[in-house]
There are 2 protein chains.
Amino acid sequence: MKDENTHYGVKEIARRANVSIATVDRVIHNRPGVSEKTKKKINDIIIELDYQPNVLASRLASRKIISLAVLIPRVSEETDFWEAPLRGVMRAESEIKKYGIQVLPFFFDLNDKHSFTEQAELILKKEVQGILLAPSFIEESRQLITACQKLKIPVVFIDSNVPEQDNLCYIGPHLFQSGYVGAKLLTYRLKENHKVLVVNISKEKDNYSYLQIEDGFRSYFKDHSQPCEIIRIDIKDTDKLSVTKDLTRVLFEHPDIEAIFVTNSRVFSVASFLENAGRKDISLIGYDFLKENIRFLKEGMIDFLICHKPEEQGFRGLMALYQTLVLGSPVEKVHFMPIDIITKENQAFYQN
Amino acid sequence: MKDENTHYGVKEIARRANVSIATVDRVIHNRPGVSEKTKKKINDIIIELDYQPNVLASRLASRKIISLAVLIPRVSEETDFWEAPLRGVMRAESEIKKYGIQVLPFFFDLNDKHSFTEQAELILKKEVQGILLAPSFIEESRQLITACQKLKIPVVFIDSNVPEQDNLCYIGPHLFQSGYVGAKLLTYRLKENHKVLVVNISKEKDNYSYLQIEDGFRSYFKDHSQPCEIIRIDIKDTDKLSVTKDLTRVLFEHPDIEAIFVTNSRVFSVASFLENAGRKDISLIGYDFLKENIRFLKEGMIDFLICHKPEEQGFRGLMALYQTLVLGSPVEKVHFMPIDIITKENQAFYQN
DNA sequence: CTGAAAGCGCTTACAG
DNA sequence: CTGAAAGCGCTTACAG
């Protein structure tokens, strides 16, 4: 019953090379203590036979546990966004723990750079084999990555990218294009005066993600030479009071604003404001599949949510580490997530 | 180094039950030849220890190959829709073939019921352990499923469901809601007279899928008591001539139609017609991420495509079989796919 | 009805 | 620099 599927194993390689399988094993894993000559002989046979290691057997025999660190923002009362990537990570872990893989989660505070550095140091002490990272703080992330480079620890980015960095890969949104899509959706809701407001609500001064989003947003109008007046506002504090105060002011100055585009997941606080202000005439678009956002989406206060599959980012991020570390197969350097459009009507079936 | 992760195996069960591991194995797999007494004893220990079998070891030791049949429509020149599910199936196979799983693909002709029955019989002869099925022909599918029930072969449906059938699960769209979303999207493009055309292009008389879609589509307007005149047309042949003829007629009778909703993936032929007829003023919505559709989407002839992740349907469908057959873990009876909204702007990042 | 033993394709000490 | 042997947690004949 030998079909074309005949796979040769270490035994056959050893037989052909006239060595023991222990030596074959050494060559396969690049372990020292093999003469160049036998090494070459074995490698040639490996190529000739197109040897594919049996991951099952390998993981079964090796009682080593591979530890992967995950460093992402802590879920705060302010937003439950980071629940989703964590869920994805956990799902990945439960799928691959049978291969002896263990996940060590670390969390930092999005309002505190120091907590990031702190956790990063903790990770380095743990001697993990790979890291999944949300590089929210660019400089601090750069430092961590430099350290990992020296230790040859692969790092995967999710949610946002730090370009020109020697990481394993990035799995997340194409922010520019995402803003572009946002603009397109917004045009569906424009009526006469074509005046829109872009809102960025964030305490973090160093988060440049929204710049790319806003860039894409503005580009849409440029590309389509649509006459559209864009007002913008930065709300530097995330609490209800600040949001209310700032929005009240801008809407007083520009009562003819037709639509609002929020560059991140805090669109719910704008929705809440509009609801209280009785401005249901203003269309609203923002980001992310948060519980609060969905509530306003269902109520009709939010017209569209754009979403980049945060759960899948976590899942795929961890699987990318697994792929290099265990399977030794290559991973794509950049993997953009889809730009999902969520409305009241299709939200029930959305998969993060 | 014994943390809470201590997992007991067959050896420990055997030791505690004072039997050999062969007997434990018999009980685990419900194989005959064990006295009720020892069976009970072993089962009790299994429960007490919360025994989790090691799939790796199990698949490694068992040299049995599990064969799964896939029965889906053949990719025709008319449409490449079924490429995607097949791709998903292949991707699943390459992930799990290391567990000794083999996929046997079978194809039928969507214009020929007989070819379905023929292939179904071939599958039954092959003695496969599971079937992934696109139940395009309802009666014929029912027959196949009845046969599988007797043989205790699990069957997974994708793309469309056959309700009240004892299959393992359904993985596919919620058609009603999908039509509902289509209607919502269409309203974005409506201007004055609110007159829309619903087009169903299909040779198959027995495909009821579009009825559910149309139902959802109409329900949207009912729910929102929007004044909207809905014209409908059935185009019974898929060739260009028929489509042109029928559409020319209906647009002559109703020159004030503002938007067209096509209930399936043949929206490209309507787009092609509109382009040639110079009716770029008419908005167009349809289904599926086909090459031709994307071309028209990019050109702006199609406004929205709705898509239900056909590749993922194939992938998940096969994985569902793997889950029951190999892992023995339960699968959800119905798994609805997201209702994805594709526009010119986000199409580049869409993942089928 | 039950068990001893070999084997799946690897890895891991240990010995030389 | 290299090999013989035991073992990972199961399954599979085979023998009784």
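Keep in mind that the numbers below use all heavy atoms, side chains included, and drop hydrogens, waters and symmetry copies. Computed from a predicted structure; not experimentally measured. Each chain gets a letter, A, B and so on, in the order the sequences are listed, and its residues count up from 1.
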Sorted by chain and residue number, the ring pair (Phe, Tyr, Trp, His ring centres under 6.0 Å) partners of B/His335 (sequence neighbours excluded) come out as none
Taken in chain and number order and not counting sequence neighbours, the residues that satisfy ring pair (Phe, Tyr, Trp, His ring centres under 6.0 Å) with A/Phe108 are A/Phe116, A/Phe137
Each nucleotide N or O in nucleotides 13-16 of chain C that has a protein N or O under 3.5 Å away: list the pair and distance.
none

Applying ring pair (Phe, Tyr, Trp, His ring centres under 6.0 Å) to A/Tyr322 and not counting sequence neighbours gives A/Tyr99
Secondary structure of DNA chain D per the Watson-Crick/G-U criterion (both distances under 3.5 Å; [ ] crossing, | other strand, . unpaired) is |||.||||||||.|||
Residues passing the side chain to side chain contact (heavy atoms under 4.5 Å, CB included) test with B/Ala92, sequence neighbours excluded, are B/Phe315, B/Leu318, B/Met319
Ring pair (Phe, Tyr, Trp, His ring centres under 6.0 Å) filter on B/Phe289, not counting sequence neighbours, yields B/Tyr350
Margin query: Side chains of A/Thr117 and A/Glu140: any donor to acceptor distance under 3.5 Å?
Written below: no
Applying side chain to side chain contact (heavy atoms under 4.5 Å, CB included) to B/Pro338 and not counting sequence neighbours gives A/Gln351, B/Lys309, B/Asp340
Hits for side chain to side chain contact (heavy atoms under 4.5 Å, CB included) against A/Pro135, two or more places apart or cross-chain, chain-then-number order -> A/Leu133, A/Ser141, A/Phe157, A/Ser160, A/Val162
Show me the donor-acceptor pairs, under 3.5 Å and distance only, between side chains in residues 28-36 of chain B and residues at least two apart or in other chains.
unit_1: B/Arg31; atom_1: NH2; unit_2: B/Asp25; atom_2: OD2; d: 2.3
unit_1: B/Ser35; atom_1: OG; unit_2: B/Thr38; atom_2: N; d: 3.3
unit_1: B/Ser35; atom_1: OG; unit_2: B/Thr38; atom_2: OG1; d: 2.9

Those residues at least two apart in sequence (or on a different chain) that pass side chain to side chain contact (heavy atoms under 4.5 Å, CB included) with B/Thr324 are B/Leu168
Any N/O pairs under 3.5 Å between the protein and nucleotides 7-10 of chain D? List them or say none.
unit_1: D/dC8; atom_1: O2; unit_2: A/Ala61; atom_2: N; d: 3.3
unit_1: D/dG9; atom_1: N2; unit_2: B/Ala57; atom_2: O; d: 3.3
unit_1: D/dC10; atom_1: OP1; unit_2: B/Tyr51; atom_2: OH; d: 3.1
unit_1: D/dC10; atom_1: OP2; unit_2: B/Val10; atom_2: N; d: 3.0
unit_1: D/dC10; atom_1: O5'; unit_2: B/Tyr51; atom_2: OH; d: 3.1

